[in-house]
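For reference, the structure is listed below as structure tokens.
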Amino acid sequence: MQMNHAAFARSPALRVSLKRGLARQAIAIADRDAADMPGLIRMAAGLRPNAKAVERLALRLKGRPGVVRVAMAPGGKALSFITRAVRAVEARVEGATVFHETGLIYLRARVGMMGPILGVQLSAVSFCTHALERLVERSEIDLQTALLPQVDAEAQAIFRGWDHAARIEEAGDEYYPAATPGLWAGGHDEMALDPDWGLSNGRGRLPVFSARTFLSEAEMRPTIWLRWKDDPACRMA
């Protein structure tokens, strides 16, 4: 009995077998190519609010390690960039440490003039190792392609969902549509500003969505599936 390559790559058993190794490999590569956030923020601080200057800055940022995406804002007087890095994450609830884990952190910085001063708006998306394993196991991502660029696309999908109010909330859980068919389940929280960044917002914290697991259609509850489809013709029986 023979199995062609495409069928082999879709094999559930193969995905289960590879999930841990691929997740660890993606985190190791991201760690080696981590962004220099203090340097990037110093670079962004040189922004001048005209299209040519912003375009030049965008080109400089694109060539830096750990920079996933750079985009000019409409009007050409501001920009945003997304970086990735690996960090030890300590989850705390009411001052008590709940658990430690390794997180793949995507940080988005929106840089532009806020009145007479230059402002930086930060938000973040975090993937734990378990979430990356579930992406490999439950999705149909291409196993012939490196995992990290596919996770980059997933982080950008969550940021887009965040911007367009695509979050699904049910029974205290939060979900965002994934780039590949499925949902990211997790929750919004806050993470501390790194003092090395040289930024302050009065609270010392920035918003983060922590992706805890990936859900394919098969893992979704019926009510979540209907809301994910966002189809008015869908009705519970």
Side-chain angles (χ1 to χ4, degrees), residues 15-44 58 60-71 79-91 99-111 120 122-162 176 178-180 182 184-197 199 206-214:
R15 290 184 174 276
V16 170
S17 176
L18 293 179
K19 65 179 182 180
R20 183 169 298 177
L22 291 177
R24 289 179 175 176
Q25 181 184 56
I27 287 176
I29 294 171
D31 198 26
R32 290 198 301 267
D33 193 40
D36 170 22
M37 279 305 299
L40 293 173
I41 290 173
R42 287 194 299 271
M43 189 183 299
R60 290 177 63 202
L61 289 169
K62 285 179 181 177
R64 307 295 292 183
V67 175
V68 172
R69 184 174 188 270
V70 181
L79 59 74
S80 66
F81 61 92
I82 298 173
T83 67
R84 62 165 129 75
V86 177
R87 293 287 184 270
V89 176
E90 179 184 34
F99 58 84
H100 294 84
E101 64 183 2
T102 298
L104 179 54
I105 311 295
Y106 288 82
L107 189 74
R108 180 175 64 177
R110 287 173 162 166
V111 186
V120 180
L122 297 175
S123 53
V125 169
S126 172
F127 297 94
C128 61
T129 305
H130 172 82
L132 301 184
E133 292 179 4
R134 288 298 189 227
L135 175 65
V136 174
E137 178 184 358
R138 295 173 170 175
S139 75
E140 296 183 0
I141 61 169
D142 187 356
L143 297 181
Q144 301 177 75
T145 302
L147 178 60
L148 188 57
Q150 298 184 83
V151 181
D152 293 348
E154 294 297 338
Q156 293 174 62
I158 292 175
F159 280 125
R160 285 194 300 272
W162 194 336
Y176 277 111
T180 192
W184 287 104
H188 279 269
D189 203 343
E190 291 184 320
M191 61 181 283
L193 281 171
D194 192 319
D196 291 342
W197 298 346
L199 299 173
L206 63 103
V208 56
F209 177 76
S210 299
R212 293 297 176 198
T213 193
F214 176 84

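Starting from 1, each residue takes its place in the sequence as its number.
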Determine yes or no for a side-chain-to-main-chain donor-acceptor pair under 3.5 angstrom, with [X] supplying the side chain and [Y] the backbone.
X	Y	value
Arg15	Val136	yes
Gln150	Thr145	yes
Arg108	Ser80	no

Could you report the tightest heavy-atom contact between [X] and [Y], atom names first, then the distance?
X	Y	result
Ser123	Trp162	CB-CH2, 3.9 Å
Ala153	Ala179	O-CB, 4.0 Å
Ala109	Val120	CB-CG1, 4.1 Å
Ala30	Leu148	N-CD2, 3.8 Å
Gln144	Asp142	N-OD1, 2.8 Å
Ser126	Gly103	OG-CA, 4.4 Å

All ring-ring contact (aromatic ring centres under 6.0 Å, His included) counterparts of Tyr176, not counting sequence neighbours:
His188, Phe209
With sequence neighbours left out, write down each residue that passes ring-ring contact (aromatic ring centres under 6.0 Å, His included) with Phe127, or none if nothing qualifies.
Tyr106, Trp184
Determine whether [X] and [Y] make a side-chain contact, defined as any pair of heavy atoms from C-beta on separated by less than 4.5 Å.
X	Y	answer
Leu132	Arg24	no
Asp152	Arg69	no
Ile82	Gln156	yes
Thr213	His130	yes
Met191	Leu206	yes
Leu22	Leu143	yes

Roughly how far, to the nearest 0.5 Å, is [atom2] of [Y] from [atom1] of [X]?
X	Y	atom1	atom2	result
Asp36	Arg42	CG	CZ	6.0 Å
Arg134	Glu137	CZ	CD	4.5 Å
Cys128	Leu104	SG	CG	10.5 Å
Thr83	Arg64	OG1	CZ	12.5 Å
Leu135	Lys19	CG	NZ	12.0 Å
Ser139	Phe214	OG	CZ	5.0 Å

Derivation and outcome, side chain to side chain contact (heavy atoms under 4.5 Å, CB included), residues Met37 and Leu107:
CA-CA 9 Å; Met37 279 305 299; Leu107 189 74; 3.2 Å; yes
Side chain to side chain contact (heavy atoms under 4.5 Å, CB included) between Leu147 and Gln25, worked out
CA-CA 8 Å; Leu147 178 60; Gln25 181 184 56; 5.9 Å; no
